[in-house]
There are 2 protein chains.
Amino acid sequence: MKFNYPNGKPSTTYHGGKSAKKQATSNQRLASFSNRGMTFEHALNLSNDYYLKKGVAVVHKKPTPIQIVQVDYPKRSAAVIKEAYFREASTTDYNGVYRGHYLDFEAKETKNKTSFPLKNFHEHQIVHMKNCLAQRGLVFVLLWFASLHRCFFLDAKHLCHYWDCQADTRKSIPLKELEEIGLEVSVGYAPRIHYLSAIDSYYFKGE
Amino acid sequence: MKFNYPNGKPSTTYHGGKSAKKQATSNQRLASFSNRGMTFEHALNLSNDYYLKKGVAVVHKKPTPIQIVQVDYPKRSAAVIKEAYFREASTTDYNGVYRGHYLDFEAKETKNKTSFPLKNFHEHQIVHMKNCLAQRGLVFVLLWFASLHRCFFLDAKHLCHYWDCQADTRKSIPLKELEEIGLEVSVGYAPRIHYLSAIDSYYFKGE
(Lines give C-alpha, C1' and ligand atoms only; values in the text may rest on other atoms or scores of the structure.)
Protein backbone atom coordinates (compact mmCIF):
# COMPACT_ATOMS: atom_id res chain seq x y z
CA MET A 1 0.00 0.00 0.00
CA LYS A 2 1.40 3.40 -0.99
CA PHE A 3 0.50 6.78 0.39
CA ASN A 4 1.15 9.99 -1.43
CA TYR A 5 2.67 12.44 0.96
CA PRO A 6 2.15 16.18 0.62
CA ASN A 7 5.91 16.66 0.77
CA GLY A 8 6.37 14.27 -2.12
CA LYS A 9 8.21 11.71 -0.04
CA PRO A 10 7.10 8.10 -0.18
CA SER A 11 5.60 6.36 2.81
CA THR A 12 8.25 5.11 5.16
CA THR A 13 7.73 1.66 6.53
CA TYR A 14 8.15 0.45 10.08
CA HIS A 15 11.55 0.19 11.67
CA GLY A 16 12.51 -2.78 13.77
CA GLY A 17 15.25 -3.14 16.33
CA LYS A 18 18.15 -2.87 13.92
CA SER A 19 17.41 0.55 12.53
CA ALA A 20 15.76 1.82 15.68
CA LYS A 21 18.46 4.34 16.58
CA LYS A 22 18.46 5.81 13.10
CA GLN A 23 14.69 6.04 13.12
CA ALA A 24 14.70 7.83 16.47
CA THR A 25 16.91 10.58 15.06
CA SER A 26 14.74 10.79 11.97
CA ASN A 27 11.57 11.11 14.04
CA GLN A 28 13.06 13.90 16.13
CA ARG A 29 14.10 15.84 13.07
CA LEU A 30 11.07 15.11 10.94
CA ALA A 31 8.00 15.72 12.92
CA SER A 32 8.03 16.14 16.65
CA PHE A 33 4.40 17.14 16.77
CA SER A 34 4.89 17.27 20.53
CA ASN A 35 7.41 20.10 20.04
CA ARG A 36 4.66 22.08 18.37
CA GLY A 37 2.33 21.64 21.34
CA MET A 38 0.39 18.81 19.75
CA THR A 39 -0.53 15.91 22.00
CA PHE A 40 -0.05 12.27 21.03
CA GLU A 41 -3.83 11.82 21.10
CA HIS A 42 -4.39 14.73 18.73
CA ALA A 43 -1.68 13.44 16.37
CA LEU A 44 -3.39 10.05 16.40
CA ASN A 45 -6.81 11.56 15.67
CA LEU A 46 -5.31 13.45 12.72
CA SER A 47 -3.80 10.19 11.50
CA ASN A 48 -7.22 8.53 11.66
CA ASP A 49 -8.75 11.47 9.76
CA TYR A 50 -6.05 11.02 7.16
CA TYR A 51 -6.74 7.28 6.80
CA LEU A 52 -10.47 7.95 6.55
CA LYS A 53 -10.08 10.60 3.84
CA LYS A 54 -7.70 8.38 1.87
CA GLY A 55 -10.19 5.52 2.15
CA VAL A 56 -7.69 3.10 3.70
CA ALA A 57 -9.29 2.50 7.12
CA VAL A 58 -12.17 3.62 9.33
CA VAL A 59 -10.91 4.15 12.87
CA HIS A 60 -12.44 6.45 15.47
CA LYS A 61 -11.69 7.36 19.05
CA LYS A 62 -14.62 6.53 21.26
CA PRO A 63 -16.22 9.41 23.13
CA THR A 64 -15.49 9.67 26.86
CA PRO A 65 -18.33 8.03 28.77
CA ILE A 66 -20.27 10.53 30.88
CA GLN A 67 -22.93 9.93 33.52
CA ILE A 68 -25.51 12.64 33.02
CA VAL A 69 -27.43 13.72 36.11
CA GLN A 70 -29.19 16.96 35.20
CA VAL A 71 -30.11 18.55 31.88
CA ASP A 72 -31.76 21.92 31.30
CA TYR A 73 -33.85 22.58 28.23
CA PRO A 74 -33.88 26.35 27.77
CA LYS A 75 -36.42 27.75 25.32
CA ARG A 76 -35.15 28.29 21.79
CA SER A 77 -31.73 26.84 22.47
CA ALA A 78 -29.88 23.57 22.79
CA ALA A 79 -30.15 21.31 25.83
CA VAL A 80 -27.52 22.14 28.46
CA ILE A 81 -26.02 19.46 30.67
CA LYS A 82 -25.77 21.06 34.12
CA GLU A 83 -24.46 18.14 36.16
CA ALA A 84 -22.53 15.13 34.94
CA TYR A 85 -19.63 12.92 35.97
CA PHE A 86 -16.84 11.12 34.16
CA ARG A 87 -17.28 7.36 34.06
CA GLU A 88 -14.57 4.77 33.58
CA ALA A 89 -14.51 3.35 30.06
CA SER A 90 -15.12 -0.39 29.80
CA THR A 91 -13.16 -0.73 26.57
CA THR A 92 -10.09 0.66 24.85
CA ASP A 93 -10.21 4.11 23.26
CA TYR A 94 -9.90 3.24 19.58
CA ASN A 95 -11.48 0.72 17.26
CA GLY A 96 -12.41 0.36 13.62
CA VAL A 97 -12.04 -1.64 10.44
CA TYR A 98 -9.11 -2.13 8.08
CA ARG A 99 -8.93 -4.56 5.15
CA GLY A 100 -11.90 -6.50 6.51
CA HIS A 101 -10.31 -6.85 9.95
CA TYR A 102 -11.40 -5.51 13.29
CA LEU A 103 -8.82 -3.16 14.83
CA ASP A 104 -8.82 -2.40 18.53
CA PHE A 105 -6.16 -0.45 20.37
CA GLU A 106 -5.20 1.77 23.21
CA ALA A 107 -2.69 4.62 22.95
CA LYS A 108 -0.59 5.62 25.94
CA GLU A 109 2.39 7.82 26.59
CA THR A 110 5.20 8.12 29.09
CA LYS A 111 7.98 10.56 29.89
CA ASN A 112 10.23 7.65 30.89
CA LYS A 113 13.22 7.01 28.67
CA THR A 114 14.10 3.39 29.35
CA SER A 115 10.84 1.55 29.95
CA PHE A 116 7.07 1.81 29.60
CA PRO A 117 5.24 1.60 32.97
CA LEU A 118 2.26 -0.76 33.00
CA LYS A 119 0.40 1.46 35.46
CA ASN A 120 -0.75 3.34 32.36
CA PHE A 121 -3.19 0.50 31.74
CA HIS A 122 -6.24 -0.57 33.67
CA GLU A 123 -7.40 -4.09 34.44
CA HIS A 124 -10.67 -3.65 32.47
CA GLN A 125 -8.70 -2.60 29.38
CA ILE A 126 -6.61 -5.76 29.59
CA VAL A 127 -9.79 -7.83 29.96
CA HIS A 128 -11.32 -6.10 26.94
CA MET A 129 -8.19 -6.71 24.86
CA LYS A 130 -8.20 -10.40 25.78
CA ASN A 131 -11.87 -10.66 24.79
CA CYS A 132 -11.15 -9.04 21.41
CA LEU A 133 -8.10 -11.27 20.85
CA ALA A 134 -10.35 -14.29 21.50
CA GLN A 135 -12.63 -13.02 18.70
CA ARG A 136 -9.59 -12.80 16.39
CA GLY A 137 -9.47 -9.03 16.25
CA LEU A 138 -6.18 -7.24 15.56
CA VAL A 139 -5.54 -5.88 19.03
CA PHE A 140 -2.53 -3.81 19.98
CA VAL A 141 -1.21 -0.78 21.82
CA LEU A 142 0.64 2.29 20.60
CA LEU A 143 3.23 3.43 23.12
CA TRP A 144 4.61 6.95 22.88
CA PHE A 145 7.89 7.83 24.55
CA ALA A 146 7.42 11.59 24.71
CA SER A 147 11.00 12.36 25.79
CA LEU A 148 12.45 10.22 23.02
CA HIS A 149 9.90 11.12 20.33
CA ARG A 150 9.51 7.44 19.57
CA CYS A 151 6.35 5.42 19.06
CA PHE A 152 6.03 1.64 19.32
CA PHE A 153 3.41 -0.80 18.14
CA LEU A 154 2.99 -3.81 20.45
CA ASP A 155 0.68 -6.78 19.92
CA ALA A 156 -1.79 -6.87 22.84
CA LYS A 157 -0.96 -10.51 23.48
CA HIS A 158 2.55 -9.42 24.50
CA LEU A 159 1.16 -6.66 26.71
CA CYS A 160 -1.21 -9.17 28.36
CA HIS A 161 1.72 -11.49 28.92
CA TYR A 162 3.69 -8.76 30.70
CA TRP A 163 0.58 -7.83 32.67
CA ASP A 164 -0.10 -11.39 33.79
CA CYS A 165 3.48 -12.39 34.55
CA GLN A 166 4.81 -9.39 36.34
CA ALA A 167 2.32 -9.42 39.19
CA ASP A 168 3.69 -6.83 41.61
CA THR A 169 7.34 -7.00 40.66
CA ARG A 170 8.73 -4.95 37.79
CA LYS A 171 5.56 -3.52 36.25
CA SER A 172 7.08 -2.04 33.14
CA ILE A 173 8.27 -3.05 29.68
CA PRO A 174 11.94 -2.19 29.05
CA LEU A 175 12.54 -0.18 25.89
CA LYS A 176 15.11 -2.74 24.77
CA GLU A 177 12.50 -5.49 24.85
CA LEU A 178 10.03 -3.26 22.98
CA GLU A 179 12.65 -2.82 20.27
CA GLU A 180 12.72 -6.61 19.95
CA ILE A 181 9.08 -7.67 20.18
CA GLY A 182 7.39 -4.44 19.06
CA LEU A 183 7.67 -2.43 15.88
CA GLU A 184 8.72 1.18 15.81
CA VAL A 185 6.10 3.36 14.11
CA SER A 186 7.31 6.12 11.85
CA VAL A 187 6.31 9.60 12.89
CA GLY A 188 5.87 12.12 10.12
CA TYR A 189 3.57 14.71 8.66
CA ALA A 190 0.68 12.82 7.04
CA PRO A 191 -0.20 10.58 8.63
CA ARG A 192 1.54 11.78 11.74
CA ILE A 193 1.54 8.38 13.42
CA HIS A 194 1.69 5.89 10.56
CA TYR A 195 0.60 2.86 12.58
CA LEU A 196 -1.08 1.07 9.64
CA SER A 197 2.37 0.53 8.21
CA ALA A 198 3.25 -1.47 11.35
CA ILE A 199 -0.08 -3.35 11.02
CA ASP A 200 0.80 -4.31 7.45
CA SER A 201 4.27 -5.49 8.44
CA TYR A 202 3.12 -7.38 11.51
CA TYR A 203 -0.09 -9.05 10.34
CA PHE A 204 0.00 -9.05 6.55
CA LYS A 205 3.65 -9.57 5.69
CA GLY A 206 3.97 -11.16 2.28
CA GLU A 207 0.38 -10.47 1.22
CA MET B 1 -23.34 -22.12 17.18
CA LYS B 2 -25.68 -23.10 20.03
CA PHE B 3 -26.79 -21.04 22.98
CA ASN B 4 -28.10 -22.53 26.17
CA TYR B 5 -31.17 -20.66 27.23
CA PRO B 6 -32.11 -20.29 30.87
CA ASN B 7 -35.60 -21.55 30.00
CA GLY B 8 -34.15 -24.67 28.47
CA LYS B 9 -35.29 -23.82 24.98
CA PRO B 10 -32.79 -23.98 22.14
CA SER B 11 -31.76 -20.92 20.21
CA THR B 12 -34.26 -20.09 17.53
CA THR B 13 -32.79 -19.13 14.21
CA TYR B 14 -33.81 -16.27 11.97
CA HIS B 15 -37.13 -16.25 10.19
CA GLY B 16 -37.45 -15.11 6.63
CA GLY B 17 -40.47 -13.97 4.71
CA LYS B 18 -42.29 -17.28 4.67
CA SER B 19 -42.60 -17.81 8.39
CA ALA B 20 -42.70 -14.13 9.27
CA LYS B 21 -46.32 -14.09 10.45
CA LYS B 22 -45.80 -17.08 12.71
CA GLN B 23 -42.64 -15.50 14.14
CA ALA B 24 -44.45 -12.24 14.85
CA THR B 25 -47.02 -14.06 17.00
CA SER B 26 -44.25 -15.97 18.74
CA ASN B 27 -42.34 -12.77 19.49
CA GLN B 28 -45.42 -11.11 20.97
CA ARG B 29 -46.11 -14.06 23.22
CA LEU B 30 -42.51 -14.84 24.14
CA ALA B 31 -40.83 -11.72 25.18
CA SER B 32 -42.20 -8.30 24.49
CA PHE B 33 -39.57 -6.58 26.55
CA SER B 34 -41.27 -3.36 25.47
CA ASN B 35 -44.40 -4.47 27.35
CA ARG B 36 -42.32 -4.60 30.48
CA GLY B 37 -41.14 -1.03 30.02
CA MET B 38 -37.79 -2.02 28.54
CA THR B 39 -36.57 0.00 25.58
CA PHE B 40 -35.18 -1.53 22.43
CA GLU B 41 -31.80 0.03 23.23
CA HIS B 42 -31.74 -1.53 26.68
CA ALA B 43 -32.74 -4.93 25.30
CA LEU B 44 -29.92 -4.64 22.79
CA ASN B 45 -27.39 -3.71 25.46
CA LEU B 46 -28.46 -6.75 27.49
CA SER B 47 -28.01 -8.89 24.39
CA ASN B 48 -24.49 -7.55 23.95
CA ASP B 49 -23.75 -8.27 27.63
CA TYR B 50 -25.01 -11.80 27.06
CA TYR B 51 -22.81 -12.31 24.02
CA LEU B 52 -19.80 -10.92 25.90
CA LYS B 53 -20.34 -13.21 28.91
CA LYS B 54 -20.81 -16.24 26.67
CA GLY B 55 -17.61 -15.33 24.82
CA VAL B 56 -19.26 -15.26 21.40
CA ALA B 57 -18.78 -11.59 20.44
CA VAL B 58 -17.51 -8.28 21.76
CA VAL B 59 -19.95 -5.52 20.86
CA HIS B 60 -20.42 -2.25 22.73
CA LYS B 61 -22.62 0.79 22.33
CA LYS B 62 -20.49 3.87 21.92
CA PRO B 63 -20.92 6.59 24.53
CA THR B 64 -22.88 9.68 23.51
CA PRO B 65 -20.42 12.37 22.42
CA ILE B 66 -20.47 15.37 24.74
CA GLN B 67 -18.84 18.77 24.35
CA ILE B 68 -17.57 19.71 27.79
CA VAL B 69 -17.37 23.44 28.55
CA GLN B 70 -16.89 23.73 32.31
CA VAL B 71 -15.66 21.30 34.96
CA ASP B 72 -15.46 21.88 38.70
CA TYR B 73 -12.95 20.03 40.86
CA PRO B 74 -14.32 20.09 44.37
CA LYS B 75 -11.92 19.11 47.15
CA ARG B 76 -12.04 15.47 48.19
CA SER B 77 -14.63 14.50 45.58
CA ALA B 78 -14.96 13.62 41.91
CA ALA B 79 -14.79 16.20 39.14
CA VAL B 80 -18.23 17.60 38.28
CA ILE B 81 -19.13 18.67 34.76
CA LYS B 82 -21.14 21.89 35.19
CA GLU B 83 -21.72 22.84 31.57
CA ALA B 84 -21.73 20.56 28.55
CA TYR B 85 -23.65 20.01 25.32
CA PHE B 86 -24.70 17.02 23.26
CA ARG B 87 -22.77 16.64 20.04
CA GLU B 88 -23.87 14.80 16.93
CA ALA B 89 -22.20 11.39 16.58
CA SER B 90 -20.06 10.93 13.47
CA THR B 91 -20.53 7.16 13.41
CA THR B 92 -23.15 4.53 14.14
CA ASP B 93 -23.93 3.57 17.74
CA TYR B 94 -22.63 0.01 17.86
CA ASN B 95 -19.50 -1.77 16.75
CA GLY B 96 -17.37 -4.72 17.72
CA VAL B 97 -15.82 -7.99 16.66
CA TYR B 98 -17.37 -11.39 15.90
CA ARG B 99 -15.57 -14.42 14.48
CA GLY B 100 -12.71 -12.22 13.31
CA HIS B 101 -15.02 -9.81 11.53
CA TYR B 102 -15.73 -6.17 12.18
CA LEU B 103 -19.39 -5.54 13.03
CA ASP B 104 -20.91 -2.09 12.71
CA PHE B 105 -24.57 -1.26 13.09
CA GLU B 106 -27.23 1.20 13.99
CA ALA B 107 -30.44 0.30 15.83
CA LYS B 108 -33.62 2.27 15.21
CA GLU B 109 -37.28 1.93 16.05
CA THR B 110 -40.61 3.08 14.71
CA LYS B 111 -44.25 2.97 15.80
CA ASN B 112 -45.29 2.60 12.15
CA LYS B 113 -46.86 -0.72 11.20
CA THR B 114 -46.37 -0.92 7.47
CA SER B 115 -43.03 0.72 6.71
CA PHE B 116 -39.80 1.98 8.27
CA PRO B 117 -39.26 5.73 7.75
CA LEU B 118 -35.77 6.66 6.58
CA LYS B 119 -35.89 9.94 8.51
CA ASN B 120 -34.65 7.85 11.46
CA PHE B 121 -31.21 7.92 9.84
CA HIS B 122 -28.80 10.79 9.34
CA GLU B 123 -26.64 11.49 6.33
CA HIS B 124 -23.38 11.11 8.33
CA GLN B 125 -24.48 7.65 9.51
CA ILE B 126 -25.06 6.57 5.90
CA VAL B 127 -21.62 7.94 4.96
CA HIS B 128 -20.02 6.06 7.86
CA MET B 129 -21.76 2.81 6.87
CA LYS B 130 -20.55 3.19 3.28
CA ASN B 131 -16.99 3.76 4.51
CA CYS B 132 -17.16 0.62 6.67
CA LEU B 133 -18.66 -1.42 3.82
CA ALA B 134 -15.74 -0.31 1.64
CA GLN B 135 -13.38 -1.75 4.30
CA ARG B 136 -15.32 -5.04 4.15
CA GLY B 137 -16.91 -4.72 7.56
CA LEU B 138 -20.23 -6.47 8.27
CA VAL B 139 -22.45 -3.41 8.34
CA PHE B 140 -26.18 -3.52 8.97
CA VAL B 141 -29.14 -2.00 10.77
CA LEU B 142 -31.56 -3.48 13.27
CA LEU B 143 -35.06 -2.10 12.77
CA TRP B 144 -37.58 -2.43 15.56
CA PHE B 145 -41.30 -2.15 14.83
CA ALA B 146 -42.49 -1.33 18.34
CA SER B 147 -46.21 -1.72 17.57
CA LEU B 148 -45.67 -5.10 15.93
CA HIS B 149 -42.98 -6.38 18.32
CA ARG B 150 -40.88 -7.36 15.33
CA CYS B 151 -37.20 -6.79 14.67
CA PHE B 152 -35.47 -6.92 11.29
CA PHE B 153 -31.87 -7.23 10.25
CA LEU B 154 -31.04 -5.34 7.04
CA ASP B 155 -27.67 -5.25 5.27
CA ALA B 156 -26.49 -1.62 5.18
CA LYS B 157 -25.92 -1.85 1.44
CA HIS B 158 -29.70 -2.22 1.00
CA LEU B 159 -30.34 0.68 3.34
CA CYS B 160 -27.87 2.83 1.39
CA HIS B 161 -29.59 1.83 -1.83
CA TYR B 162 -32.97 2.99 -0.48
CA TRP B 163 -31.35 6.16 0.84
CA ASP B 164 -29.67 7.00 -2.47
CA CYS B 165 -32.56 6.07 -4.75
CA GLN B 166 -35.52 7.51 -3.00
CA ALA B 167 -34.36 11.12 -3.00
CA ASP B 168 -37.38 13.08 -1.78
CA THR B 169 -40.09 10.70 -2.83
CA ARG B 170 -41.16 7.78 -0.68
CA LYS B 171 -38.55 7.91 2.09
CA SER B 172 -39.41 4.68 3.81
CA ILE B 173 -38.88 0.93 3.46
CA PRO B 174 -42.15 -1.01 3.20
CA LEU B 175 -42.44 -3.86 5.70
CA LYS B 176 -43.23 -6.25 2.85
CA GLU B 177 -39.90 -5.46 1.20
CA LEU B 178 -38.09 -5.86 4.53
CA GLU B 179 -39.61 -9.32 4.83
CA GLU B 180 -38.05 -10.13 1.46
CA ILE B 181 -34.58 -8.56 1.63
CA GLY B 182 -34.05 -8.48 5.40
CA LEU B 183 -34.10 -11.21 8.01
CA GLU B 184 -36.43 -11.25 10.96
CA VAL B 185 -34.53 -11.43 14.25
CA SER B 186 -35.95 -13.62 16.97
CA VAL B 187 -36.87 -11.81 20.17
CA GLY B 188 -36.59 -13.83 23.35
CA TYR B 189 -35.21 -13.87 26.83
CA ALA B 190 -31.47 -14.40 26.52
CA PRO B 191 -30.31 -12.90 24.35
CA ARG B 192 -33.31 -10.64 24.01
CA ILE B 193 -32.46 -9.56 20.47
CA HIS B 194 -30.66 -12.52 18.96
CA TYR B 195 -29.13 -10.65 16.03
CA LEU B 196 -26.02 -12.84 15.76
CA SER B 197 -28.28 -15.61 14.53
CA ALA B 198 -29.25 -13.37 11.59
CA ILE B 199 -25.53 -12.56 11.06
CA ASP B 200 -24.73 -16.27 10.89
CA SER B 201 -27.51 -16.93 8.40
CA TYR B 202 -26.78 -13.94 6.24
CA TYR B 203 -22.97 -13.89 6.09
CA PHE B 204 -21.83 -17.36 7.10
CA LYS B 205 -24.45 -19.66 5.65
CA GLY B 206 -23.00 -23.09 5.04
CA GLU B 207 -19.89 -22.52 7.15
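Each chain gets a letter, A, B and so on, in the order the sequences are listed, and its residues count up from 1. Only a predicted model underlies this, so the values are computations on that prediction, with no experimental measurement involved. For the numbers below, each heavy atom of this structure counts, side chains included, while hydrogens, waters and symmetry mates do not.
Put simply, of A:V97, A:V58, A:D104, the one with the most heavy-atom pairs under 4.5 Å next to chain B is A:V97. Counting heavy-atom pairs closer than 4.5 Å to chain B, the top residue among A:N95, A:L103, A:D72 is A:N95. The most heavy-atom pairs under 4.5 Å with chain B, out of A:A78, A:A134, A:A79, A:G137, come from A:A79. Annotation: maximal heavy-atom pairing with chain A below 4.5 Å, among B:H128, B:K62, B:H101, occurs at B:H128.
Heavy atoms closer than 4.5 Å to chain A are found in the side chain of B:V71, but not in its backbone. Interface remark: A:L52 contributes side-chain atoms only to the contact with chain B (heavy atom separation under 4.5 Å). Only the side chain of B:I68 comes within less than 4.5 Å of a heavy atom of chain A; its backbone N, CA, C and O stay farther away. For B:A84, the parts lying under 4.5 angstrom from a heavy atom of chain A are both the backbone and the side chain.
A:Q135 contributes a side-chain N or O that, together with a main-chain N or O of B:G55, makes up a donor-acceptor pair within less than 3.5 Å.
Looking at B:R99 and A:R136, their side chains come closer than 4.5 Å, going by heavy atoms from C-beta outward.
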Pair A:I81, B:I66 - check side chain to side chain contact (heavy atoms under 4.5 Å, CB included), show working.
CA-CA 9 Å; A:I81 298 162; B:I66 305 279; 3.5 Å; yes
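Residues A:P65 and B:P63 share a closest heavy-atom pair of CA-CB, 3.8 Å. Closest of all the heavy-atom pairs between A:Y85 and B:V80 is CE2-CG2, 3.7 Å.
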